[in-house]
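Structure, as structure tokens:
Here, residue 1 is the first one in the sequence, and each next residue gets the next number. Side chains are part of it too, since the values below use all heavy atoms of this structure and drop only hydrogens, waters and symmetry mates.
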Amino acid sequence: MKRCPHCNSPITQPDRKTCPVCGNPLSGPTGAARRRLPPWVPVVLLCAVAVVVVYFALHKPVTLPADIQVPAETTPESAGLVLDEADRFYLDNLPTNITFTLTVDGAEQPHGTSDTGRYYMARSALTHTDTLLRVVSPEGDGYRTALALVSKPSNENAAFGTFVPCEADGYAKPDEEYLDAMLTVYYRAYLRAANAADPAELRYVTELHSQSLSAGIKSGATGAVTFTLDKSDMVCDTEHIEYGDDTVTVNAAASYEAVNDTTGEVETATDYYTIQAVWQDGMWLVDRSWMISEGDYQNGVFGNQ
């Protein structure tokens with residue numbers, strides 16, 4: 001006999017749709033009636049599933065092919081020149097954390113920074129005695145420059161002087177200290193060229209002045225003597241300096257000691273010159289010179305220009 005699925009009462013009429021005792025339908029779910037979900041619930045569930053899928057898609061680790069290299073993080077040192085300690089020539093007396101360009105005898109050179117903050121360049125770039133280093137650094141709306149002179153390639157480091165205002169290419173009027181250093185380098189290089197009878201030893205001269213000196217150097221016009229370089233020098237008359245457009249003119253006293261190649265006797269003398277230098281290729285170079293008398297030197301009279 002058919003019974004009500006809700007109250008188990010016997011159903012004597014097979015065609016009845018509801019139970020005569022409890023009134024519930026005789027077909028459909030048993031127990032409590034099935035409840036309908038609100039229409040917004042499926043939408044919320046679908047959105048939650050979509051968020052989860054997108055999250056894991058974005059955070060899934062990516063495996064690159066073996067032939068693709070991921071660049072290492074860039075550090076201040078790796079952004080510039082990186083050298084082993086033995087290959088470094090240190091640039092000292094410069095402020096830390098500045099941007100600058102470096103030139104060696106007028107030619108731009110790369111530089112790096114050590115992990116202690118010291119700047120350096122390649123020692124291999126130093127190939128001559130008396131090499132001039134220049135840094136040019138932006139400052140405000142302009143630029144500033146500082147210089148260092150490396151007397152020998154074997155030096156361990158160079159100490160830069162005081163920064164002075166300059167133009168973008170490093171141009172600045174040479175002060176007394178710079179002129180004195182420039183003339184010392186120029187004169188010693190000339191004496192070295194005379195000792196070797198080789199004009200290639202000339203330094204800090206324009207091509208025009210190099211040509212005017214070369215003939216005398218090759219012919220031995222300086223005499224049969226060997227100059228003692230560390231006892232010879234050219235000093236600037238700092239009381240009389242004339243600045244022009246990219247030119248500077250000074251008088252100089254050139255003293256020397258030399259050993260006579262024939263007699264072995266030591267000779268000493270002082271000559272006097274008017275020197276004119278020009279700004280060329282990022283450097284001050286001696287362009288012309290005239291011999292003058294000691295009286296003109298003492299009175300600040302320039303030679304024929």
Side-chain angles (χ1 to χ4, degrees), residues 101-109 125-136 145-151 164 166-222 227 229 232-238 240-254 256 271-292 296-297 301-305:
T101 57
L102 169 69
T103 59
V104 177
D105 283 348
E108 188 168 340
Q109 292 288 335
L126 301 173
T127 58
H128 299 284
T129 58
D130 297 327
T131 300
L132 183 68
L133 310 183
R134 179 190 294 274
V135 297
V136 177
T145 184
L147 302 170
L149 185 64
V150 183
S151 59
V164 297
C166 70
E167 297 181 5
D169 64 351
Y171 171 81
K173 285 186 176 181
D175 58 16
E176 299 173 3
E177 182 180 0
Y178 177 81
L179 289 172
D180 223 23
M182 180 191 72
L183 293 178
T184 294
V185 172
Y186 157 75
Y187 185 57
R188 289 183 182 175
Y190 168 73
L191 297 183
R192 191 163 44 246
N195 284 346
D198 184 5
E201 292 286 346
L202 293 172
R203 307 291 306 285
Y204 302 110
V205 295
T206 62
E207 183 62 29
L208 174 66
H209 193 50
S210 175
Q211 291 175 3
S212 69
L213 296 176
S214 294
I217 291 172
K218 291 178 180 178
S219 67
T222 55
F227 294 100
L229 300 182
S232 304
D233 198 9
M234 177 179 276
V235 297
C236 173
D237 171 19
T238 57
H240 304 93
I241 303 175
E242 183 179 277
Y243 293 101
D245 294 333
D246 292 346
T247 66
V248 59
T249 305
V250 297
N251 283 341
Y256 66 85
D271 296 324
Y272 301 92
Y273 296 89
T274 292
I275 303 291
Q276 186 173 80
V278 298
W279 177 258
Q280 188 177 102
D281 300 327
M283 297 179 65
W284 284 101
L285 304 176
V286 176
D287 187 48
R288 291 188 290 175
S289 66
W290 301 267
M291 184 171 281
I292 61 175
D296 284 347
Y297 175 81
V301 177
F302 293 135
N304 184 30
Q305 299 182 52

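Closest non-hydrogen pair, W284 versus A172, comes out as NE1-O, 3.2 Å. When all heavy atoms of I292 and G303 are compared, the pair lying nearest together is CG2-CA, 3.6 Å. The shortest heavy-atom contact between L183 and A252 is CD1-CB, 3.8 Å. What you find for A193 and P199 is that their closest heavy atoms are CB-CA, 4.5 Å.
Atom CG of L285 is separated from atom CD of Q276 by 12.5 Å, given to the nearest 0.5 angstrom. Atom CG of N195 is separated from atom CZ of R188 by 13.0 Å, given to the nearest 0.5 angstrom. Taking OG1 from T101 and CZ from R134, the interatomic distance works out to 9.5 Å, rounded to the nearest 0.5 Å. The CD1 atom of I275 sits 8.5 Å away from the CH2 atom of W290 when rounded to the nearest 0.5 Å. Atom OH of Y204 sits about 4.5 Å away from atom CE of M283, to the nearest 0.5 Å. The structure places OG1 of T103 at 8.0 Å from CD of E108, a figure rounded to the nearest 0.5 Å.
Ring geometry for Y297 versus Y272: interplanar angle of 30 to 60°, hence tilted.
Remark: side-chain polar atoms of Y178 are not paired, donor with acceptor, to backbone N or O of K173 under 3.5 angstrom. W279 places no side-chain N or O within 3.5 Å of a backbone atom of V248 that could act as its donor or acceptor partner. Between the D233 side chain and the T184 main chain, no donor and acceptor come within less than 3.5 Å of each other.
Counting heavy atoms from C-beta on, the side chains of D296 and T274 never come closer than 4.5 Å. Within the 4.5 Å cutoff, the side chain of D237 has no heavy atoms near those of the F302 side chain. With contacts defined as side-chain heavy-atom distances shorter than 4.5 Å, the pair I217/L202 qualifies. With contacts defined as side-chain heavy-atom distances shorter than 4.5 Å, the pair L179/I241 qualifies. Using a 4.5 Å heavy-atom cutoff, the side chains of H209 and V286 are in contact. Under the 4.5 Å side-chain criterion, counting only non-hydrogen atoms from C-beta, R203 is in contact with D105. Inter-residue side-chain proximity for T131 and V104 is flagged as met; some heavy-atom pair is nearer than 4.5 Å. Counting heavy atoms from C-beta outward, S289 and Y190 have side chains that stay 4.5 Å or more apart.
The aromatic ring centroids of F227 and Y256 lie less than 6.0 Å from each other.
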Given the rule in the side chain to side chain contact (heavy atoms under 4.5 Å, CB included) test, do V136 and D169 qualify, once you have shown the distances and angles that lead to the verdict? CA-CA 8 Å; V136 177; D169 64 351; over 6 Å; no

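Checking T129 against R192 by side-chain atom types alone, a donor-acceptor pair falls below 3.5 Å.
More than 12 heavy-atom neighbours from other residues, nucleotides or ligands sit within 6.0 angstrom of CD on Q211.
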